[in-house]
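For reference, the structure is listed below as structure tokens.
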Amino acid sequence: MSTTTSQPSVKTSSVELEQLQAKVQSLVAPNFCTGTLPLETSAGKLFYCKGSASDSGFLSFTDGVLQDGDIQTLVEACQQATFGRGSQDVLDESYRKAWKLDVTQFSAQFDLARSGIMETVHDQLLHYEKNTLKLEPQLYKLNIYGPGSFFKPHVDTPRSEKLFASLVVVLPTTHTGGNLLLGKDGSLFNFDSSKLVFHPETKAPQIAFAAFYSDIEHEVLPVEAGYRITLTYNLHLADSDLPIPKALSDTLTSLKSALLDLISNPQILPNGGALGFGLLYQYPINPKFQKDLVKFAGALKGNDALVKTACSSIGLEVAVMVRYDLEDEENDEKYGQGRDRISDKCYGVPQML
Ligand SMILES: O=C(O)CCC(=O)C(=O)O
Ligand SMILES: [Fe+2]
């Protein structure tokens with residue numbers, strides 16, 4: 001972000017800057033959302049095939065509670081689930097123990113587009129960016145976690161630079177364990193699907209879902225009994241012409257006034273200059289192509305988007321820049337695990353200026 005001047009950037013250290021930093025750090029924009037919704041009988045079946053027509057079958061999630069034996073037949077059509085490590089797709093049961101079906105092998109009657117989930121996810125995760133952007137879901141896999149299945153902490157590494165968030169839809173089956181922990185050790189949320197997939201009073205089957213920014217660390221705890229069946233989706237950004245929201249939230253208003261206080265102080269950047277904000281989230285960018293960042297600046301997440309919106313709304317120019325940290329081996333090691341790791345594109349940690 002810069003004021004409109006041709007002066008070179010000046011680094012300023014002051015109480016005011018520290019106050020602004022504290023303000024930005026105290027902001028809380030949602031970075032995940034969860035919910036449940038009834039599963040209608042008309043959306044209750046899952047069809048699958050193993051290879052030939054004679055190996056095909058279906059499960060119904062709405063005609064009584066599924067027995068483990070029924071699910072076992074589905075498991076037999078599955079392959080062991082892999083994950084990305086470095087540039088490779090690997091099978092490592094000490095890291096991920098689960099089964100998967102590729103999209104070519106199954107078809108679910110459950111229709112995400114008609115379920116209303118995307119509207120909720122859009123409002124929560126694109127809160128400050130929803131003026132111009134929308135999310136497009138791409139069905140990725142069906143996964144089954146049986147007794148002893150788990151997925152250790154990881155981030156979902158992007159296959160596309162448009163990857164914004166991940167969505168997990170849990171189908172109604174009896175199971176215990178298999179909680180999805182969001183944030184380190186579940187610091188953000190403990191999503192216990194086993195308690196959500198049947199209505200607490202009527203016991204009617206329900207869908208439970210969790211959506212979160214793909215760079216948020218998460219894990220699936222071991223399933224203790226039964227089977228946990230999920231549909232996973234990659235949520236991509238797509239251009240849209242949604243109307244600009246009129247109301248700015250209290251959070252945004254308070255950040256705007258903190259920024260205004262700062263820039264109206266004659267002691268701060270008296271000759272103009274630049275303010276830098278380290279981004280809170282990570283983004284799938286290819287830093288080789290500067291032009292990508294122009295587009296990327298419209299797709300910030302949560303608090304990052306909030307800071308950008310606040311700056312723009314008081315007339316400051318905002319740009320996203322990459323800062324290279326050549327010695328950041330720790331992150332390579334930590335984030336070299338996850339869904340579909342790709343070799344030449346990775347989460348970058350740009351700076352907002
Ligand atoms: O099943 C879940 O809750 C999350 C699965 C997951 O992290 C993934 O497929 O990448
Ligand atoms: Fe994941």
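Just so it is clear, the model here is predicted, and its values are computed rather than measured. Atoms within a ligand are numbered from 1 in the order they appear, just like the ligands themselves.
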Would you tell me whether [X] and [Y] have side-chain atoms, one donor and one acceptor, within less than 3.5 Å of each other?
X	Y	value
Arg228	Ser193	yes
His154	Asp156	yes
Thr104	Asp102	no
Gln72	Gln67	no
Gln105	Gln79	yes
Tyr281	Asn303	no

Quick one: which ligand 1 atoms are inside 4.0 Å of a heavy atom on [X]?
X	value
Val168	1 (O), 2 (C), 3 (O), 4 (C)
Leu180	3 (O), 4 (C)
Asp156	10 (O)

Looking at ligand 1, does any of its N/O atoms fall within less than 3.5 Å of an N/O of Arg228?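 Between Arg228 and ligand 1, an N or O pair is found under 3.5 Å apart.
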
Backbone or side-chain N or O of His218 under 3.5 Å from ligand 1 N or O: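 Yes.
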
Of all the heavy atoms in His154, does at least one lie under 4.0 Å from an atom in ligand 1?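 Yes, His154 has heavy atoms under 4.0 Å from ligand 1.
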
At a 4.0 Å cut-off, with the gap strictly under it, does some heavy atom of Arg96 reach an atom of ligand 1? yes

Lys/Arg N to Asp/Glu carboxylate O, Asp192 vs Lys195, below 4.0 Å: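 Yes, charged N to carboxylate O under 4.0 Å.
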
Taking the six-membered ring of Tyr283 as reference, does the NZ or CZ atom of Lys301 fall below 6.0 Å from its centre and within a 45° cone about the axis? yes

For ligand 1, which part of Phe151 has a heavy atom less than 4.0 Å away: the side chain, the backbone, both, or neither? side chain

Below a 4.0 angstrom heavy-atom separation, can you tell me which part of Tyr145, side chain or backbone, both or neither, approaches ligand 1? side chain

Atom nearest to the Fe ion (ligand 2) - His154, N, O or S atoms considered: NE2

Give the atom name of whichever N/O/S atom in Asp156 sits closest to the Fe ion (ligand 2).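 Atom name of the closest N, O or S in Asp156: OD1.
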
